[in-house]
Number of protein chains: 2
Amino acid sequence: MDEPSTTLRPTRQRRAINEALQGAADFQSAQDIHDTLRRAGEKVGLATVYRTLQAMAEAGQVDVLQGPGGESSYRQCSTEHHHHLVCRSCGRTVEVTGPAVESWADAVAREHDFAEVSHSLELFGICADCRT
Amino acid sequence: MDEPSTTLRPTRQRRAINEALQGAADFQSAQDIHDTLRRAGEKVGLATVYRTLQAMAEAGQVDVLQGPGGESSYRQCSTEHHHHLVCRSCGRTVEVTGPAVESWADAVAREHDFAEVSHSLELFGICADCRT
DNA sequence: GGTAGATTGAGACTGAGTCTCATCCTACGG
DNA sequence: CCGTAGGATGAGACTCAGTCTCAATCTACC
Ligand SMILES: [Zn+2]
Ligand SMILES: [Zn+2]
Ligand SMILES: [Zn+2]
Ligand SMILES: [Zn+2]
């Protein structure tokens, strides 16, 4: 089920992507990050940005948020399980946890006899600042 | 915020799409539905399928599920607010409700002063049948 | 029947994301 | 210190869901 521990080398590109991620507070698409890097003078291929971001997501180093257009955005988050409250207008993101939700999900899964159950849960709204 | 009540006419194409939806138990992509119709002899343009499905989704007549690849799938569901438990293997779908989740979402939104808060929540797992 | 306006569909187009493959770079052993 | 194996990179072709255009067609209604 898991790869033979491919060595994942620390390259200039990966470092750059990692830094771009650290410097951002909210979710950013691969293209956003690519642009940021280009503007910062770092030459990194778009394919590399996609590959790296995906790898980091699989490794649990970043969170992925599926935007409305199906576009994936990435963010450096806390490592513990959590969800997000995102402003539809400015993208401001707040990490939230919901123990009640977690146990509810477990119960539902058990009740319907589903295994390996995961869940996706995100909240979208308009933050106080964006309401003028 | 809403359209000037455009008349939404019942055409052959819309009827066909509606029937295809009724005949399916699980979520189907626009392309799936288009294929089904073509095979059934109904000639309906792909653009029309997309347009109709979107319109129905906006009107709350069908539910939309964002697949992993960002692909949207549609399903005829109950009209009351609910979520889905979907089998990753065969697509079997169960509608579930979680009052606890709803109130939790409200509380979180209030706590962080976000308005017009909506949420997306889906559960994915492997159903009993698919586990042999 | 006649007309305004909604609807349709073939095909061009968009844009996110993936693939290819020749080249580059890192890690590591001698 | 090299030298090499195999991971990493990137330009550009490519895929594919979904959107747009616009002339032709269909509906509702008088
Ligand atoms: Zn997060
Ligand atoms: Zn905001
Ligand atoms: Zn199943
Ligand atoms: Zn809900």
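Computed from heavy atoms alone, side chains included, the values below leave out hydrogens, waters and symmetry copies. Bear in mind that the values here come from a model prediction, so they are computed numbers and not experimental data.
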Starting from P on dA17(D), measure out to CD on Gln66(A) and report it in whole angstrom. 15 Å

For atom CG of Leu53(A) and atom P of dA16(C), their distance in whole Å: 14 Å

Leu123(A) side chain near Trp104(B) side chain, heavy-atom distance below 4.5 Å: yes

Figure out the CZ/P separation between Arg12(A) and dT9(D), and round it to whole Å. 9 Å

Check the side chains of Ser103(B) and Asp106(B) for a donor-acceptor pair under 3.5 angstrom, ignoring hydrogens and angles. no

Student check: side-chain heavy atoms of Arg12(B) and Glu42(B) closer than 4.5 Å: yes

Show, in sequence, the C-alpha distance, side-chain angles and deciding distance for Glu102(A) and His83(A), and conclude whether the side-chain contact (heavy atoms from CB on, under 4.5 Å) test is met. CA-CA 11 Å; Glu102(A) 310 302 331; His83(A) 299 282; 3.0 Å; yes

Does the side chain of Thr11(A) get closer than 4.0 angstrom to OP1 or OP2 of dG7(D) through an N or O atom? no

Is it the case that dG9(C) (base atoms only) and Arg51(B) (side chain only) share a donor and an acceptor within less than 3.5 Å, ignoring hydrogens and angles? yes

Using a cut-off of strictly less than 4.0 Å, decide whether Gln13(A) has a side-chain nitrogen or oxygen near OP1 or OP2 of dG10(D). yes

Distance, rounded to the nearest Å, where Tyr50(A) contributes OH and dC14(D) contributes P: 19 Å

With respect to the side chain of Thr52(B), which nucleotide from dT8(C), dT9(D), dA16(C) is positioned closest? dT8(C)

May I ask you to verify if any side-chain N or O of Thr48(A) is less than 4.0 angstrom from the OP1 or OP2 atom of dG10(D)? yes

What is the distance from CE of Met56(A) to P of dA8(D), rounded to the nearest Å? 14 Å

Just the rounded figure in Å: distance from C1' of dA10(C) to NE2 of His34(B). 11 Å

Distance, rounded to the nearest Å, where Gln28(A) contributes CD and dG17(C) contributes P: 14 Å

For residues Val94(A) and His112(B), report the shortest heavy-atom separation together with the two atoms involved. CG1-CE1, 3.5 Å

Looking only at dT18(C), dC19(C), dT9(D), the nucleotide nearest the Ala47(A) side chain is dC19(C)

Taking for Gln31(B) and for Arg38(A) the nucleotide of DNA chain D with the nearest heavy atom, the one nearer the 5' end belongs to Arg38(A)

Are any of Ser72(B)'s side-chain N or O atoms less than 4.0 Å away from OP1 or OP2 of dA17(D)? no

Got a donor-acceptor contact below 3.5 angstrom from the Gln28(B) side chain to the Leu21(B) backbone? no

Applying the 4.5 Å side-chain criterion to the ILVMFWY set and letting contacts propagate, would Phe114(A) and Leu121(B) be lumped into a single cluster? yes

How bent is the helix from dG1(C)-dC30(D) to dG30(C)-dC1(D), measuring the angle between the end axes built from five pairs each, rounded to 10°? 30°

Is it true that the side chains of Thr52(A) and Gln13(A) contain a donor and an acceptor less than 3.5 Å apart? no

Of the listed nucleotides (dT27(D), dC25(C), dT8(C)), which one gets closest to any side-chain atom of Arg9(A)? dC25(C)

Is any side-chain nitrogen or oxygen of Gln54(A) closer than 4.0 Å to OP1 or OP2 of dG17(C)? no

Once you round it to whole Å, what is the distance between C1' of dC24(C) and CZ of Arg14(A)? 13 Å

